[in-house]
Amino acid sequence: MTLQRKIFGLVLLLLLALALTLPFTVSNYMLRVCNMTMITYMCVVSLFVIFGMAGQISFAQAGFWGVGAYISAILTVKLHVSALVALLASGLGTAAFAAILGLALFRLHGHYFGFATIGVVMILNGLFQNWKPVTGGADGIANIPPFAIGSLEFASETSLFYLIAVAVIIISIATYVIYRSSLGRAFMAIRDNEIAAKCMGVNCYQTKVIAFAISGLYCGIAGSLFAFVSSYISATSFTFMQSSLYLVMLMLGGYHSLPGPIVGTALLMMLPEWFRFLQEYILLIYGLGVMLLMVVMPDGLIGGGKQALESYRNKRKGVANVAQK
Amino acid sequence: MVLQLIIASLAMGIVYGLVAMGFVLIWRAVGVVNFAQGDLLMAGAYVAFTLTELEGLPMPVALVACAAIMALVGVVFHFLTYWPLRKSWDMTVIISTIGASIALKEIATLVWGPAPLSVEPIIPGIARFASVSIEWQFLVTIVIAAALMGMIFYLLEKTYIGNILQATAQDQYAAELIGIPVVVATSMTFAISALITGIGGMLISPIFFVSTTMGGSPGLKAFAAVIIGGFGSVPGAIIGGIVVGVIDTFSGAYISSTYRDAIVFLCLILALLVRPQGIFGEKISDKV
Amino acid sequence: MSPKNNPVMVLEKVCKRFGGVVAADDVSFELEPGQIRGLIGPNGSGKSTTLNLISGICDVEPGIILLDGEDITKKAIHERARMGIARTFQHPRLLSRCDIKTNLFLGHDLGNMRRASGASQEIDQSVDELLDVAGLKIGMDDSIKTLSYGQQKLLEIIRAILTKPKVFLLDEPAAGINTREMDRIRALIAIAIRNKAAVLLVEHSMDLVMSLCDIITVLNFGCVIAEGVPAEIQGNEAVIEAYLGRRRHA
Amino acid sequence: MLDIKNVHAYYGNIEALHGVDLSVGSKEIVAIVGSNGAGKTTLLRSISGLITKTGAISYNGEAIDKRSPRHIAKAGLIHVPEGRHVFPGLTVEENLAVGSVSWRGIGKANLGDDLEKVFYLFARLKERRKQYAWSLSGGEQQMLAIGRAIMGRPKLLMLDEPSMGLAPIVIDELFVKIVEINSMGVPILLVEQNALLAMSISQRAYILEGGKVVLEGNSKDLLNDVRVREAYLGKLKDSA
Amino acid sequence: MKKMSFRKILSVSAVAVLGCFLSAGTANAQELKIGVVTTLTGEKALTGVYSRNGIMLALEEINGKGGVNGKKISVMIEDDGGNDAGAVNAFNKVLSLGADVVIGPIYSTMDLSMSPSIKKAEIPTLVIGSSNDIAKQKNPWMFQTRTADAVSAAAIANYAAKKLGLKKVAILHDTDNFASGAAEVATKTLEDLKVPPILVEKYNTGDKDMTPQLAKIRASGADGILAWSQLVEAGLIMKQIQSMDIKVPVVGSNSYVTKIALDLAKDNAEGVYSVADYVYSNPAPWTAQFAANYKAKYKLESEFNSAMNYDAVYVIADAFKRAGTNDKKAMRDALAAVKEVVGVSTTYTFDANNVGGTSVAIVQVRKGVPQIIESVRGR
């Protein structure tokens, strides 16, 4: 077991190292795709927290992503706040927004909460699109300055890659720590059995609000980074469809464990790029592929892989047992 | 102006009601929210276009043929999205319907092209009375949709086959034990759901044209209707649809024409918070 | 019977109605530290309801439940849990998609929470020891789904013991398990007793109830119809009738 | 009529029945009694095709152990599940009409005689024929569940805990009706926790414990058997 | 239709692959590679198909005549999926494939989101979006070929107030970038003419039922409607105006006289005025020839997306001819110097802000066909 762990860790480190050298091996275009993939990944992880761990389905994530993006855009363009402060404000602001929303919406249980979040993303999109004095309305907000810490400016795709990678690593580690902490266990207890969770002393309402706030924090950071990467934002990005895609990514990757969001996001962000030559057939294949994958691997790629591994092990165990007898 | 708005909102509302009914039937039968419901509306409109504009069928025939084709689409939809996943978690079916939603739009684009299409109305021309002047199709929509709702309602509530479908929806376990072929019953429910939604699409296509994206907004608004009306209730879906139609049109006229979608969804959230069981609530209290 | 020392929990005329059905009707009893009270009765007699009332899953109406002299009737489920009420369920309610470690840690979390608030200072029972007593030779990273039903029940009991409960409610621990596992349940309950928990045991397996309990309360149609030590209960005509039913007069 | 040989049943990996043999004659009421978790319900569920099992189950000499629940119902083995499971959103009459599906399919049929039979047995249902099933009391729901099964023209009726959660007076009334149904020529397999009650109306009884038949015989004999009592209340401490 | 598009894909990808090979094989082939970012999938896929058609037609013609200075032009087309992030992805994709010049999508928000990347990559890019914000970017590498909304919106307002003599104008517009920008300009123009609009109504892209807006317009007693819309909504609005018996002149944006909108609105379009970059019925020889060629090749009427993209290729060809090299800097300078290049939709001269289109036409639908009434020179 420990050996396996070590090997797993080693492989992970190797992959990470490989990933960090990407800017030297791929084109600018691919790097941009990687950057967008990582930003999307943060949103999918946020969904992993609220849905994968805490079991509360949310379609609000793309809306939160937008809130984060707009906070940063408004702060830097209109109020000339420094980028770092804007990033923090996006994260915390969106977290606070999510928390307040959660306080109201977690009076609803199960599916009903999910339904309400559909309303949330629709309303937010309406505001982004039409609240001209604040969000710039349909014009969006242009000329967002590049991210900078002091005089260190992150303008090139490569520097942005490392900036986002740092955020991704921090968020991944934070999520792993939460996953292994009592808070994470409280989330999962709520997901698996709310009554049992309560009987184990978990304040479900409060805990759900915390999970929602954390997911808001992640989305806020992702949104802020998106604003800096694209330097122009408009309402068209932050839609219900985008939220559904996060859900698809999480479910296809596997919602049980942290590698799920990684695999799911990478797959669904990269494949369309690799299969660009299919042109107008790509979305059809995408849609059918999603349906097919769900049938073949209802637990997602990671879940399905694990199951295959487990059944293989069981088979081996079974053989060993028979041999012993 | 008010009368004009009332008629327009009724026509929209009743179409939302049809789609909402489609949602509810599938929800009750298999406990899943079908994210591709709006795309079934789109499919209905394209089928109607093919039947009337390309094949030149007379309207009444086209209506029946469209219903039949959409029922078939519903059965296929059932066997592709729900049946293979019936044993697993409902989320997987939801994801599958999201996939189906993407695929349906693209199929429509590939078959009929990306350009929007127009369809001849069932009764052409404009109806004028008092201060109102409105396309006849609005009134036709109200009449046919209401008749269709009545028929479906009668089928479900008053006939033996309807009872079988309802029984399967309410308790699949018991249905299986007394010998109801559950596959047939669930696929029939999907067929009816697709049929009424598709006819909704056919009815509005002369008013709003046929395009691959036409299902998106009605789909979401019908979903709001389902929740406002009461999740799982057929009369709730109808009333909810009309309520949403009225909110939509009147908020557009009197509050803000750009925030009307947002207002509808604000109502959805408020409805959930104030009365999560909706106007009609669940007829079946708690299944203990 | 043991002399009344200091009851940790008191139920005073606790009632519950579901619609027109009376599920609990003036149920009163006390739980004492280190003592096991059996709660028996035929199906639908209100045993599980009583557990639900104590743990807060159902609202009491009317009646009073005291824990350490404090009225907890209006407290939320998680507050009661934090005050030291632990329970298991008829069908184990584990975190079905998590590994074993996570499930056990959930118990620890509550124990830690209570220790931090000074509510619990019992000796630490190591997980290994408990697992050993339960005869669970399992990998901590295994998924819950790999466990048999009986193992799941044992694990749920261990999880509850890890919270260092003052009041420990067991709902049919022996249902659906084999005799070897039954012995292990006994051993686990013994550990809880050693930790001065007051145990309330709802059980159909009379072997277990009769051999384990200090005192037994019998419910029928929500009412307490008998209370006494096991030997008394076994001979009680009302109890026998409640269980085996009356013969039909042909 | 019904013959069960060496049936093992599983829930996932867990074996719930460990080789059960059982038979029901053509006019009998056979009782299966035992405490909670003894495997009574599992046995019924394996007969009606709801769970995976090994072993042989035959009905009138025809093997039915590979058939789906629907086909078993079609063959006339109708299972009234524990907890009644009436269709709450349908009226009493609609529930009964749907009950005829096993022989009727979706065609038209004259249900007059069948309804008459049910209403003769359970007059209360006739009074409430237009009411929704959810609005019925527990006893009435149980009657409806049995009535619905009778609409399926059963050749063997399997009742799972019909007395559960009912007041004694209602139980008495219900069991009179069960005997009456049997006297109409329908063999009945009765699963009951209320052992004395079940044995007092049945000809034969099986006592299940831990997924095995521990006792079987004439109900009359078993009624006075001390081992029955032990199966429920446990062995006395001193005799253990 | 299905077969056709598949063949097209094959040919496009073949060209693209060939392009890659050539660029790899002969570094200094001096061939010009145009990267195209357009919408082929998703909700806005309609425009991309037209754009691609226009580009492929222009390419065929130019290469058919032996290319520019004997050098061929090739294109690679990438899908932007109809959203901002996708546009940047597609832009980077064509860059990575070695594009020398890029043609951007018609949607202004996508062009705006590409702007920083364009500046960074220092690659001359012709965008088709018409928003006034594009010029405000002051991006030396981004060229707005199409006549800006400022010109066309002012033209609409002027025509309505001066020629049609409207006094109480109601404005109805989409809330998207192009329409709301144009509506602002129009409002300003009308105010300057002392006939401020009596009502401004908006709707969101994709809204179908305009009854509330039109009911208010009717109740306001407006004597004319100015409208800015996308294709489908243009058709819808023309139809709904008629069905609500609003009998006032309508002056719409370019979309109102596209073949698509006219097909949708049918008789309801009769008499509608519009400002247009391009109409297929334009009798000018160059335009008529394009319209005929397009129709012959694709079996459908051309519309402004095709025309704008067709022109864009010719504008690039013109610059390439003068630059004589595919060097990006040289191409940029050559593009900036584009002067009086006559296209099918307008005449192009890039000004200091890199805005190229110089004129629009006022058109009226007569007997179902848009007829040019007058041409408005913007500058």
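All figures in this text were calculated on a predicted structure; none of them were measured in a lab.
A search for side-chain hydrogen bond (donor to acceptor under 3.5 Å, both in side chains) contacts involving C:Ser55 returns C:Arg87, not counting sequence neighbours.
Between the C:Arg93 side chain and the A:Ala196 main chain, no donor and acceptor come within less than 3.5 Å of each other.
Residue with the most contacts toward chain A among C:Leu110, C:Leu95, C:Thr88: C:Leu95 (heavy-atom pairs, distance under 4.5 Å). The greatest number of non-hydrogen atom pairs below 4.5 Å with chain A, out of C:Gly107, C:Ala81, C:Ala76, C:Gly56, is found for C:Ala81.
No side-chain heavy atom of C:Glu79 sits under 4.5 Å from any side-chain heavy atom of A:Asn203. Residues A:Met188 and C:Arg97 are not in side-chain contact: their nearest non-hydrogen atoms beyond the backbone lie 4.5 Å or more apart. A:Ile195 places a side-chain heavy atom less than 4.5 Å from the side chain of C:Phe89.
The part of C:Ile57 that comes within reach of chain A is its side chain, from C-beta onward, which places non-hydrogen atoms under 4.5 angstrom from that chain. The part of C:Ile85 that comes within reach of chain A is its backbone (N, CA, C, O), which places non-hydrogen atoms under 4.5 angstrom from that chain. If you measure heavy-atom distances from A:Tyr205 to chain C, you find no contacts under 4.5 Å at all. Proximity to chain A (any heavy atom under 4.5 Å) is shown, for C:Arg159, by both the backbone and the side chain. For a residue to count as touching a neighbouring chain, one of its non-hydrogen atoms must lie under 4.5 Å from one of that chain's; by this rule C:Asn52 does not touch chain A.
The nearest pair of heavy atoms linking A:Ala189 to C:Leu106 is CB-CD2, 3.8 Å.
Distance check: C:Leu94 CG to A:Asp192 CG gives 9.5 Å after rounding to the nearest 0.5 Å. Rounding to the nearest 0.5 angstrom, the gap separating the SG atom in C:Cys98 from the CZ atom in A:Phe187 is 13.0 Å. Within the model, atoms NZ of C:Lys101 and CZ of A:Arg185 stand 9.5 Å from one another, a figure rounded to the nearest 0.5 Å. Annotation: the span from A:Ser182 atom OG to C:His108 atom NE2 amounts to 12.5 Å, rounded to 0.5 Å. Here the straight-line distance linking atom CD1 of C:Ile77 with atom CE of A:Met200 works out to 13.0 Å at 0.5 Å rounding.
By a heavy-atom distance cut of under 4.5 Å, not one residue of residues 65-73 of chain C is near chain A.
Counting non-hydrogen atoms of neighbouring residues, nucleotides and ligands closer than 6.0 angstrom, the CZ atom of A:Arg107 reaches no more than 12 such neighbours.
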